[in-house]
Number of protein chains: 2
Amino acid sequence: MATHGARGRSGGRPTLEEVAARAGVGRGTVSRVINGSPRVSDATRAAVEAAVAELGYVPNTAARALAANRTDAIALVVPEPETRFFAEPYFSDMLKGVGAELSETEMQLLLIFAGSDRERRRLAQYLAAHRVDGVLLVSVHADDPLPDLLAQLEIPAVISGPRSAAETLTSVDSDNYGGARSAVEHLLSRGRTRIAHITGRLDVYGAQRRVDGYREALRDAGYEADERLIEAGDFTEEGGAQAMKVLLERCPDLDAVFAASDVTAAGARQVLREAGRRIPEDVALVGYDDSAIARHMDPPLTSVRQPIEDMGRRMLDLLLAEIADRRPAVSRGLERPQEVLATELVVRTSS
Amino acid sequence: MATHGARGRSGGRPTLEEVAARAGVGRGTVSRVINGSPRVSDATRAAVEAAVAELGYVPNTAARALAANRTDAIALVVPEPETRFFAEPYFSDMLKGVGAELSETEMQLLLIFAGSDRERRRLAQYLAAHRVDGVLLVSVHADDPLPDLLAQLEIPAVISGPRSAAETLTSVDSDNYGGARSAVEHLLSRGRTRIAHITGRLDVYGAQRRVDGYREALRDAGYEADERLIEAGDFTEEGGAQAMKVLLERCPDLDAVFAASDVTAAGARQVLREAGRRIPEDVALVGYDDSAIARHMDPPLTSVRQPIEDMGRRMLDLLLAEIADRRPAVSRGLERPQEVLATELVVRTSS
DNA sequence: ATCACCTGTGGGAGCGCTCCCACAGTACCT
DNA sequence: AGGTACTGTGGGAGCGCTCCCACAGGTGAT
C-alpha cells in the first residue's frame, strides 16, 4: 500500500540506505535493482521498486560518478564559433540525430563550442578532468590537435569525418566523393559542359573528396580538367558569393555550378542573379546537404542529400559501444571502424 | 624547480592528497588554495600552486559535487521542440549572451529541450535529481507547470519573461508593451491609420503585452479599436502567412501591419507580395526582434530591437546571485526582481 | 605573567554511491 | 553423508573531495 508523499523527513532527498531500510533489504540489493542486475529475486525486486516509488528516490549522480568512475555524459564538440553552428543546418541536423538516439539512454549530452582559443583551453581542462565518458567531434579540420588530445587522454571519441585517408579514430562520414560525382554526372546528363565548382573549406577532408569526385566525374566523361573552373569557398554564404564573382569574371562562359554546400549555393545564386544569369536556363546550380534552404530557395535547389541525422545516430552508437567496450577490457587493439553512408541526389528545378 | 611530466605513477589522475604530499602540506590547505580561500600564507600558496602545476592536477568534479552538495552546472531549458530552437534567432541570441557571461565562471551550461512529453518527463527526473544548481527558463507559456516544479524543488530559477503580471519567479524581460507602442506610433507618424496586428502566441505573456501596446497606442492617438484588424499568429513564418491571408480577406483596406516577430513578418510579406501589395507603398510592415532576417529581407524590415543577448547576460547574473545567496542563508523572503530592459525601434525601408 | 584572540594549518568525518568479498541457503552430484 | 556449485543477499571499504573542529604559535591587552 502506497503511502502518499512519504518523503522528506530530514528535508533532504532519500538515499540508497533509506530505500534499503524501507524495503527491508541491504544497500547492495537496492543498488542491484537500480542498476538492473539479474541476480535479484523477483520478490525482492518488487519490494525495492515499491520502496523507490514511495520515497520518490532518485540516485545521486555525483556519488555514482565518484564511486563508479564514470559520468554518464558525453560531449558533442563543435570546433567552430557558435555563430556558424546556428547558421548551418548541418550542425542542427546532426544534433537532432544524436539527441534522438540519446534519449533512449540515460546518458546526458553536453554541447560544447570550441571556436575561440579561450574556449579551446576550457575544453582541454574539461577533458583533462574526465568530465565526460566520450566525445563526438564534428567538422574537424586537418590540423586540429583535438583528436590527438582525446587519444592521449584515452577518452573514447568518434568524429564526423576522417581528417585524412589515414584517420585513426573511429569516424562516420557520408560518401563525399560519390555525392560530388553524382552531382556532376547529373549536370553532364543535362548537357552542361562548362561546370564550375565552388569548394568547401579545403582543410576539411570531406571538401577535398568532393573536389576529387568533381574532377574524376569530368575526366571520366572525357573532359580535360580546367582548373580555372574551380574556386575555393568555405561553406558559408559570403564565401559562395565571393567565389561566384571570381568565377564569373574568370570564366564568363560557364553553364553550371556545383557548390559544396547549400548555403554556398545560396551565395552563388545571389551573385548569378545580380549578373543577370537565369537559373537554370543560363546556369544550372547544384548544392550539397539538401537542407531546408534548398527547398525554399527560388528556384528550388537541386542538392546532394546526406543522411546527416542518420550519421548522428550512427556516431552515437559507435561511441556508446566504444565506451562500453573500454570498461571491461582496456582497449584491445581493434581496428577503428570508418563508416561511410550513401548520399542521394535530389533533383529540383535549379538544374 | 619543475619536474617535467611528473604525473602518473599509478596511472590515474593525481588527487588532492598527492598534491598535498608533494607540497608538504595537509589536504585541507590544498583545498583552500584550490578554492581561493584567503586564509593561506603566501609561501604555502606558492608551494601548493607549484605542486598542482607539476602534477597537472585537476579537481575531480564528481567528488567535489558530492562533498559540497552542488554541481557547478546550470541548465538552459527551452520548452520547445529543437526545431523551433534552431529556427528562431531569439534562442540562439539568448544562448550567446548566456554563454558569453558564463565563460567568465567555472560553471557549465546544459542545453535542455523540453518540447515533447517524453523530454519533459526526463527533465523532471533530472531536476528531481538536483543535477543542476539553477535553471534558466526561456519562452514559458502561461500554463506551463515547469516553474512551479522548480519552486517546489527549491531550485534557483530565472525566466525570460513573466508568465503573468503576478509572476513570483525572478524574471528578465524586454519592454514588450513599450516596444509595440513605438512600432505603432511610428506607423501612425508615417500617416498610416488602418494598422493591423499579427500577434504572437497569446499564451505567452509578452505577446499579450504587445497587443496591449498596440491597442493603447492606437487609442491614445484617437482611433477607436477595430478588433478585426487583430489576428492571432504564433511567432512562426507559417502562422504569419496564415494570419496575413485572413487579414487581407477581412480588411482589404489595411495600410500597415505590425507583426509580433520578424519571422511572422516574413510570412506576412510573402502573402502580401502574392496579393500584389507593394511594401511599403501599399502596406507598411514592421516586425519585432530585429533579427538577421530583418536586415536581409527584401525590402529591409523595420523592426523593434530587443537586447536579447543582454537579457541572457542579465538572466545569468541574477541566477548566479540567487544560487550564491541560497547557499548561506536559506532563501530569505526577498522579493523577486522583475527586470525590464528597453527596446528600440530600428527603422528600415519596409515602413 | 595571564588571558583573550587572532592567523594558519592538519586531519577526521562524512557526502551517497559501486564494487566485491563473504556467507547463508538450496540443489545436485558422488 | 560429504563435497561442489550454484543463487541471492548483506555490508565493509573506498572513490576524492569539502567542511569543520582542534590546535600551534604569535600578538597585544590587562
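Every chain is numbered from 1 and lettered A, B, ... according to where its sequence line falls, protein lines coming before strand lines. Not measured: the values here are computed from a predicted model. Below, all heavy atoms of this structure are taken into account, side chains as well, without hydrogens, waters or symmetry copies.
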Peer 1: Hey, which sits more toward the 5' end of DNA chain C by its nearest nucleotide, Arg32(B) or Ala63(B)?
Peer 2: Arg32(B)
Peer 1: Let me know the distance between CZ of Arg64(B) and P of dG16(C), rounded to the nearest Å.
Peer 2: 18 Å
Peer 1: In this structure, how many angstroms lie between the C1' atom of dG16(C) and the CG atom of Leu55(A), rounded?
Peer 2: 15 Å
Peer 1: Would you say a side-chain N or O of Thr29(A) is under 4.0 Å from OP1 or OP2 of dG10(D)?
Peer 2: yes
Peer 1: Indicate yes or no: does Arg163(B) engage Asp148(B) in a salt bridge with an N to O separation below 4.0 Å.
Peer 2: yes
Peer 1: Rounding to an integer number of Å, can you tell me how far Arg45(A) CZ sits from dG8(D) C1'?
Peer 2: 11 Å
Peer 1: State whether Asn35(A) places a side-chain N or O below 4.0 Å from either non-bridging phosphate oxygen (OP1 or OP2) of dT18(C).
Peer 2: yes
Peer 1: Hey, are Asp144(A) and Arg120(A) close enough for a salt bridge, meaning a charged N less than 4.0 Å from a carboxylate O?
Peer 2: yes
Peer 1: From C-beta outward on Asn60(A), which listed nucleotide comes closest to its side chain: dG16(D), dC17(C), dT9(D)?
Peer 2: dC17(C)
Peer 1: Measure from the side-chain N and O atoms of Glu119(A) to the backbone N and O of Ser116(A), and report whether any donor-acceptor pair falls under 3.5 Å.
Peer 2: yes
Peer 1: Any Lys/Arg nitrogen of Asp117(A) or Arg122(A) sitting under 4.0 Å from an Asp/Glu carboxylate oxygen of the other?
Peer 2: no
Peer 1: Kindly give the heavy-atom pair with the smallest separation between Pro156(B) and Glu154(B), and that separation in Å.
Peer 2: CD-O, 3.7 Å
Peer 1: dC17(C) P sits how many Å from His130(B) NE2, rounded?
Peer 2: 13 Å
Peer 1: Side chain of Ser41(A): nearest nucleotide among dG8(D), dT9(C), dG11(D)?
Peer 2: dG8(D)
Peer 1: Quickly work out the Ile34(B) CD1 to dG16(D) P distance and round it to whole Å.
Peer 2: 15 Å
Peer 1: Just compare dT7(D), dT9(C), dG16(D) and give me whichever is closest to any side-chain atom of Leu66(A).
Peer 2: dG16(D)
Peer 1: Can you identify which nucleotide, out of dG10(C), dT18(D), dG16(D), has its nearest atom closest to the Thr15(B) side chain?
Peer 2: dG16(D)
Peer 1: Would you mind reading off the distance between Glu18(B) atom CD and dC17(D) atom C1', rounded to a whole angstrom?
Peer 2: 13 Å
Peer 1: Would you kindly give the CZ-to-P distance between Arg70(B) and dG16(C), to the nearest whole Å?
Peer 2: 16 Å
Peer 1: Which one, dC17(D), dG8(D), dG10(C), comes nearest to the side chain of Thr44(A)?
Peer 2: dG8(D)
Peer 1: Would you kindly give the CZ-to-P distance between Arg39(A) and dA22(C), to the nearest whole Å?
Peer 2: 17 Å
Peer 1: Does any donor-acceptor pair link the side chain of Arg13(B) with the base of dG16(D) at a separation under 3.5 Å?
Peer 2: no
Peer 1: Look at the side chain of Arg27(B) and the base of dG12(C), then say whether one donor and one acceptor between them are separated by less than 3.5 Å.
Peer 2: yes
